[in-house]
Amino acid sequence: MVESLLWPAWPLQGNELMQLAVALLLAAVCGEAVARLLRFPRVTGYSLAGLLMGPTLLGWFGPADLDHVRIAIDLALALLLFELGVRLDIRWFRANPWVLGSSLAESSITFVVTYLLMRGMGYPNGLAATVGAIAIGTSPSVVMRVAAEQRAEGQVTQRLFVLCALNIAYSVVLSKLIVGGMHGVFRGDWTLAVLHPLYLLLGSLVIGGLLALAFRLVRRLFNLSDEQGVVVLFGLLLLTLALLDMLKLPGMLAPLIAGAIVKFFDPRPHLWPRHFGTAGGVLVIALFMLTGMSLTPEQMAAGGTAALALVIARVAGKAGGVMLLGPVSGISLRQAAALGIALAPMSGVAFLLTEDIRTIYPFFGSQLAPIVLSMVAVLQLLGPIAVQWGLRYAGESRAGDK
Amino acid sequence: MALAQFAESRSLTLGVELELQIVNTHDYDLVGSAEDLLRALAKRKLPGDVKPEMTVSMIEMATGVCDNYHDALEQLGTIRDAMVDAARRLNVGVCGGGTHGFQHWDDRKIFDKPRFNFLSELYGYLAKQFTVFGQHVHIGCPGPDVALYLLHSLSRYVPHFIALSASSPFVQGSDTGYQSARLNSVFAFPLSGRAPYVESWAEFERYFDKMTATGVVKSMKDFYWDIRPKPEFGTIEVRVMDTPLTVRRAAELAAYIQSVARWLMVERPMRPVEDDYLVYTFNRFQALRFGMAGIFVDPRTHEHRTLAEDIVATIDRVEQHSIELVADEPCRSLREIAQSGMNDAAVLRAEFADARSLNEVVRRQCLRWAQ
């Protein structure tokens, strides 16, 4: 029947594109409403929209829909992590080792505190360690988005970026090591347990190095601050993601490493529009919305209470760690407190780490997901507010000046 | 507040103040880290002083009382090293230059101190636009009347100091065509320009009392003159210079001012008259617009020549005095600058022609400053 191909069916049939469009618009409206009415960061609104449309409330979207848009999340994160990596100047640690010290302190204290709390609540060893490892990471998307919105600059903002980049790296590495350990425990294959994490880390390092090299070549040919440059960068990062996927390597470590390598070998200022212009901005909105959508009511029921306790312990661990070494690293106690609180957000990276574990070990993943996703849900709403508060408390926000 | 008693100071001693830029090491825009730097530097024993300035991306360093060029250079070098080291620990850059090439004035934050907050209230956006960086040189005077004599006689040489120090061609992301665009920001203030023509301290006190009676000024600090007396120190303060790109140039400029001052004080080559100021703003404009190539009109002979010629002639004329002050070496090096025209503004333009990015120019300013 040719006619059915020519004329629309009546009543009109919704399609996936329509859903996505409505979701995006709703997220934008939510972000704006939250910013105008409550003076909270827009990010909180995007996440709220995600939670509203997700399976916990309206049920428009479910975890199954995520597969279609996983590439959007991956690309958004890769963009952010690469940009974050470029802000990570390794030379700084030689001039001031205490910055690295405060990073190690906040991360290890966070791990220990969350691990012990998990054990205290009666969870098994492996699960406690995995949650601890994932809890180390701070959300780069929230941190960078809110800092940009607040037009923040200064020691706290700078250290927030650096500590975030580092703790993500620790978080990814540690959780891969733990997964490696699981190969040993669940399969009794200890060669795999050692070799696989090693492959993941070395592979990420190599791909990161290649991306850095490619970026330097591209930089010579294109002006990266114009539109053409944005297209090339997108292409380069997509290529990297494709390569990582083929090699079954994690998508998060390589862009971060690449950024840091670029900065280390080329200290010249690296300029491009924040989040690679408008297109990057749309991806970031999608990122918040989608992670908000992934939580189901069953998961919230199973992990909600534990997550609340863990969130409090995690924030305390991060703030405590930073405040412990803040003054010797050259910031005041007030700045250290602001920095510690601003490290609270948790989102995309934690979500992807959990997803990756779930694909390999579905049963273990089903125990892990409720806890981590509930933490992510809470911190996607409260994390941006914590960053906003921290930057204001440190006197680094310039949003209210105009 | 009444005018302070003119303090005693040793004749021809030097003091140098430099206002510096604090930038981030990511895109090299200004960054508000003055308080962090001051906190770090408070723990160190330094020869001079480190102070906050109007906005949080500025910091000022000042020497103590110096005898000569070498003394000033050493003190500036010591403070510079300490500051660069502290900046490195904070992952920020410190640099010279009279303006930041591409900062947006509206992004600046006022340093939280009663005086700065007061000025910000009063002047509004001018206060934020005042994120410019100058060098001030104090010259010790044996008494207040000598100070006023020196102030008026030195005014003839103000264009020299501008052209030799000029380091602010770029403002808000564009080349202004000026060698010192910074002074245009200073000119916007109602009490800028030159000091009134009075020859004795008694007359100056009367002028000051009349001004305070109008309620327009409260203290000497409210005058933004090119050269102003600083009775608390017993000095006059030359304030027209841009902060140079290196401490060496800053010390050289101080040495040149000191040499001219010694010549004026010892030989008394001419008695200043009010008509000397007829050409003042013209010469001043030529210097900040065209630098060494600008036209200089001699206030006495009305002869027109280039600033470069007048600077070279002056350095030659004061040579004996610069030798006495062990300032002949820095004066010679400034003489070469005058002849080649390669002041810091020219250096910055050359860097921009090479780098094609003002961000990169600022990074190179930081490297130069740390040398």
Side-chain angles (χ1 to χ4, degrees), chain A residues 83-100 144 147 150-159 161-162 219 223-225 259 262-264 266-274 326-336 391 394-402, chain B residues 22-44 55-57 84-93 101-112 120 124-125 127-128 173 351 354-367 370:
Chain A
E83 191 179 343
L84 196 62
V86 173
R87 285 168 169 271
L88 180 68
D89 193 347
I90 308 289
R91 270 170 293 243
W92 189 13
F93 306 139
R94 201 162 50 201
N96 190 354
W98 290 112
V99 174
L100 193 58
M144 296 180 76
Q150 297 289 309
R151 296 167 58 239
E153 49 111 59
Q155 280 298 303
V156 171
T157 312
Q158 179 180 229
R159 286 170 194 236
F161 288 152
V162 167
R219 207 188 165 195
N223 175 8
L224 292 183
S225 49
V262 165
K263 181 70 180 174
F264 185 74
D266 188 359
R268 286 180 303 163
H270 296 276
L271 301 174
W272 51 70
R274 262 178 214 280
V328 283
S329 73
I331 52 176
S332 68
L333 215 53
R334 184 190 179 95
Q335 285 171 313
L391 296 176
E396 294 189 4
S397 159
R398 294 180 296 176
D401 285 5
K402 285 190 179 173
Chain B
I22 310 171
V23 297
N24 72 42
T25 56
H26 176 64
D27 62 5
Y28 288 86
D29 198 354
L30 288 174
V31 68
S33 283
E35 217 163 320
D36 307 298
L37 266 180
L38 289 167
R39 193 185 318 116
L41 289 167
K43 293 174 199 149
R44 309 213 189 185
T55 61
V56 292
S57 327
V84 167
D85 186 56
R88 247 179 223 139
R89 283 174 46 82
L90 295 168
N91 199 24
V92 296
F102 61 90
Q103 62 114 358
H104 288 283
W105 62 269
D106 199 22
D107 286 345
R108 305 283 66 90
K109 271 193 155 176
I110 301 294
F111 194 100
D112 188 18
S120 174
Y125 87 113
K128 284 188 183 178
E351 294 279 29
D354 176 55
R356 306 304 222 130
S357 142
L358 283 173
N359 308 68
E360 172 64 9
V361 170
V362 177
R363 188 180 76 89
R364 294 184 189 180
Q365 276 169 255
C366 293
L367 294 178

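FYI, side chains are in, hydrogens and waters are out, and symmetry mates aren't considered; it's all heavy atoms of this structure.
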Practice item. Might you point out which heavy atoms bring A:Arg398 and B:Lys109 nearest each other, and give the distance in Å? Key: CG-CE, 4.1 Å
Which pairs would a plain distance check flag for residues 88-97 of chain A, meaning a side-chain donor or acceptor within less than 3.5 Å of a matching protein atom at least two apart in sequence or in another chain?
residue: A:Asp89; atom: OD1; partner: A:Arg91; partner atom: N; Å: 3.2
residue: A:Asp89; atom: OD1; partner: A:Arg91; partner atom: NE; Å: 3.2
residue: A:Arg91; atom: NH1; partner: A:Phe264; partner atom: O; Å: 3.1
residue: A:Arg91; atom: NH2; partner: A:Lys263; partner atom: O; Å: 2.9
residue: A:Arg91; atom: NH2; partner: A:Phe264; partner atom: O; Å: 3.4
residue: A:Trp92; atom: NE1; partner: B:Arg89; partner atom: O; Å: 2.7
residue: A:Asn96; atom: OD1; partner: A:Trp98; partner atom: N; Å: 3.3
residue: A:Asn96; atom: ND2; partner: A:Ser329; partner atom: O; Å: 3.0
residue: A:Asn96; atom: ND2; partner: B:Arg89; partner atom: O; Å: 2.7

Check your understanding: Which bit of A:Gln335 comes within less than 4.5 Å of chain B, counting heavy atoms only: side chain, backbone, both or neither?
Key -> side chain
Point to revise | Residues in residues 31-41 of chain B near chain A [non-hydrogen atoms, under 4.5 Å] | key: B:Val31, B:Gly32, B:Ser33, B:Asp36, B:Arg39
Exercise for review: For the residue pair B:Asp27 and A:Arg87, establish whether any side-chain heavy-atom pair is separated by less than 4.5 Å.
Suggested key: no
Check your understanding: At a heavy-atom separation under 4.5 Å, does A:Thr157 approach chain B through its side chain, its backbone, both, or neither?
Key -> neither
Point to revise | Any donor-acceptor N/O pair, A:Gln155 side chain to B:Leu90 backbone, under 3.5 Å | key: yes
Review point. Tell me, do A:Glu153 and B:Leu30 make a side-chain contact under 4.5 Å, heavy atoms counted?
Key: no
Review point. Of the non-hydrogen atoms in A:Val86 and B:His26, which two are nearest, and what is the gap between them?
Key: CG1-CE1, 4.3 Å
**Study point:** Under 4.5 Å from a heavy atom of chain A, the part of B:Asn91 involved
**Key:** both
